[in-house]
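Chain A is the first sequence line, chain B the second, and so forth, proteins listed ahead of strands; every chain is numbered from 1.
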Amino acid sequence: AKYREVDEDFFEELEEVLISADVGVHAVMDLIEELEAEVKRRNIKDTKEVREVISEKLVELYYGDEDEEEVEGLKEVEDGLTVYLFVGVNGVGKTTSIGKLAHQLKQDGKKVMLAAADTFRAGAIEQLDAWGSRVGVDVVKHSAGSDPAAVVYDGIKAAKSRKADVLICDTAGRLQNKVNLMNELSKVKKVITREIPEAPHEVLLTLDATTGQNAMSQAKTFAEATDVTGIVLTKLDGTAKGGIILAIRKELEIPVKLVGLGESVDDLEPFDAHAFVYGLFADMIDEYEEPEEKE
Amino acid sequence: MAFEGLSDRLQGTIQKIKGKGKVNEQDVKEMTREVRLALLEADVNFKVVKDFIKKIRERAVGQEVMESLTPGQQVIKIVKEELSELMGGDESRIAVAKKPPTVIMMVGLQGAGKTTTAGKLANLLRKSYNRKPMLAAADVYRPAAIDQLETIGKQLDFPVYSEGTDADPVDIARQAVEEAKEQNHDYLIIDTAGRLHIDGELMGELGRVKEAVNPDEIFLVVDAMTGQDAVNVAESFDEQLDISGVLLTKLDGDTRGGAALSIKAVTGKPIKFVGMGEKLDALEVFHPERMASRILGM
Ligand SMILES: Nc1nc2c(ncn2[C@@H]2O[C@H](COP(=O)(O)OP(=O)(O)OP(=O)(O)O)[C@@H](O)[C@H]2O)c(=O)[nH]1
Ligand SMILES: Nc1nc2c(ncn2[C@@H]2O[C@H](COP(=O)(O)OP(=O)(O)OP(=O)(O)O)[C@@H](O)[C@H]2O)c(=O)[nH]1
Ligand SMILES: [K+]
Ligand SMILES: [Mg+2]
Ligand SMILES: [Mg+2]
């Protein structure tokens, strides 16, 4: 549908588009309400102008009151070892994202090592190992079924003695309602902190963009267990939009730091809130704009 | 939690009605609005919700609710009935080929649970149906995908047919069928690589595998945590492969699982089994009524 005017139909379609993007029905209703008020206040008549306002409001929803709208990168220490811990539910893309990140850091001239602390899932150690060979970084591993905390401990020892700049720890996927497994994860984190007090420098919760509203529960519980510092939003190369991260950022103040755009080694990018937000409703606006630009 | 069950949601309206002693159309509208919110929060696709609410409203405006002494209960009853019916139908039956082996193909998005569920399914076939399945490793892309399936095969003591990562999945599948025949396996479960429904090349590959081995079942494996996109994925896989059923994984989590309703509504294909854990015996028969209660948070 092409809407020239900002009328009720326009807002209804916008509501549908944003709900389809997994933004969440409550966030969407609040947003539409605000938008309607804003459009009225500014006396906006056509959809082209309203696009700006939608973007503005969505970005505002993401950043809240903060002014800093810069890209939020990963924390690194100048001297000594930087440790990143990847956490998340099953199958979201932790191991793959670690492979990609290791590649990026290596290209930046860093010495990177990986710790295979998913000792549980069939083939998990081999998978991380394969990524290690692919990007040319060493992987610290124990045998399947061993204690993940011990792997991480050895990882830190090895990374220190080999003077690595960055150690990235993979962990087994776990659903957030499994209390024992969440405790195990807290323990893994504690081991890291015991060895290096300010580490892990990032705890990266990996979220699959295909996930719906359950991502909020994931973020809450993983944040409680491990003080998540950032999100890696994967599988954005599909048709899912990952809109739930807006509410997660707003409620829990966890920023998205990286996005996954495929299965290849280069498919990892920094998060750009403006581009992301535009992607949420781009289909709708583009459809409208096409005829205008054909002069 | 932000999620309220449907009964809690309806309390406000029910209180109001109690005061008046009679239900009018406006009350029904309010109640169905709550139903709509509950379904959207459970990740049911908004188009599916729209059609569903229309149906509920039609039934609810009728006498069942308007003349009931417990209109809230009536609405809940109707919603549950309609939900169960929408998701129900076919029992969790698995095809049996006239001439063995029965060939099952596992397909789906990346990380949905195909490889794990392939192992679970083989396990179930042996345990509950006394069958003798073999597994085939046709994912040549994901790092260590074959290792993963082989490990699962070893854990369960099933043979795994593989040709490494240099072979073509179509040839692997074709050879696996021959191998299964030769070794008298009555079931062959083919694991395939995860792929996006919009990836023309890889979807084409699945089409060729299908053509080559003519599977008796093509199971779409779907993560129960999937959001609104579930309909696009299911519709697209079904259009391109004509799937025979759906396996819903990771239901041991705390997701409402509205994807189940979405998928059934757009494809009409039955949900056969649900994954209830990472362990290889955690595969259960799908129960529509339980799923309905779960989606409604009650
Ligand atoms: N299309 C796409 N696929 C991805 C992306 N990131 C990861 N994947 C795929 O998703 C699947 C799961 O990725 P993994 O890295 O194994 O996920 P994980 O979180 O480590 O999984 P577990 O360890 O089993 O919990 C694999 O097939 C990956 O290739 C992405 O950004 N886009
Ligand atoms: N908790 C839970 N985890 C599951 C279930 N089914 C699969 N998993 C986990 O989900 C993750 C992904 O499972 P896989 O079997 O590797 O998924 P896949 O679809 O083969 O993944 P790709 O081959 O990368 O596309 C693994 O960590 C599994 O252990 C389930 O029912 N419950
Ligand atoms: K998934
Ligand atoms: Mg992993
Ligand atoms: Mg697999």
- Under a 4.5 Å heavy-atom cut-off, does chain A meet the side chain of B:Leu109, its backbone, both or neither? side chain

- Part of B:Asp199 lying under 4.5 Å from any heavy atom of chain A: neither

- Task: Flag yes if more than 12 heavy atoms outside A:Glu36 fall under 6.0 Å of its CD atom; otherwise flag no.
- Result: yes

- Task: Rounded to the nearest 0.5 Å, what's the gap from CZ on B:Phe46 to CG on A:Leu18? Could you check?
- Result: 10.5 Å

- Flag the pair A:Glu16 and B:Lys50 as a salt bridge only when some basic side-chain nitrogen lies within less than 4.0 angstrom of an acidic carboxylate oxygen. yes

- Message: I'd like to check B:Arg256 versus A:Asn214 (side-chain heavy atoms, cut-off strictly below 4.5 Å). Are they in contact?
- Response: no

- Which portion of B:Lys154 sits near chain A, non-hydrogen atoms under 4.5 angstrom: neither

- Let me know which of A:Thr210, A:Thr239, A:Ile19, A:Val23 forms a side chain to side chain contact (heavy atoms under 4.5 Å, CB included) with B:Gln228. A:Ile19

- Message: Please determine whether salt bridge (Lys or Arg N to Asp or Glu O under 4.0 Å) holds for the pair B:Asp229 and A:Lys241, giving the CA-CA distance in whole Å, both sets of side-chain angles, and the decisive distance to 0.1 Å.
- Response: CA-CA 8 Å; B:Asp229 202 41; A:Lys241 301 277 167 66; over 6 Å; no

- Query: Side chain of A:Lys235, backbone of B:Leu196: donor and acceptor closer than 3.5 Å?
  - Reply: no

- Contacting moiety of A:Asp237, where chain B heavy atoms sit under 4.5 Å: both

- Item | Toward chain B: residues of residues 118-127 of chain A with heavy atoms under 4.5 Å | A:Phe120, A:Arg121, A:Ala122, A:Gly123, A:Glu126, A:Gln127

- Heavy atoms only, distances under 4.5 angstrom: which of A:Ala240, A:Ala209, A:Ala144, A:Gly99 has the most pairs with chain B? Name it, please. A:Ala240

- Query: Are any non-hydrogen side-chain atoms of B:Gln110 and A:Asp208 less than 4.5 angstrom apart?
  - Reply: no

- Report, as yes or no, whether the 6.0 Å neighbourhood of atom NZ on B:Lys47 holds more than 12 heavy atoms from other residues, nucleotides or ligands. no

- Flag the pair B:Leu37 / A:Met29 as yes when at least one side-chain heavy-atom distance between them is below 4.5 Å, and no otherwise. yes

- Counting only heavy atoms not in A:Arg134, do more than 12 sit closer than 6.0 Å to its CZ atom? yes

- Query: From A:Leu175 CG over to B:Glu278 CD, what is the distance, rounded to the nearest 0.5 angstrom?
  - Reply: 7.0 Å

- Could you tell me whether the side chain of B:Asp254 and the main chain of A:Ser217 form a donor-acceptor pair under 3.5 Å? no

- Message: How close do A:Val25 and B:Glu41 get, counting heavy atoms only, and between which atoms?
- Response: CG1-CG, 4.0 Å

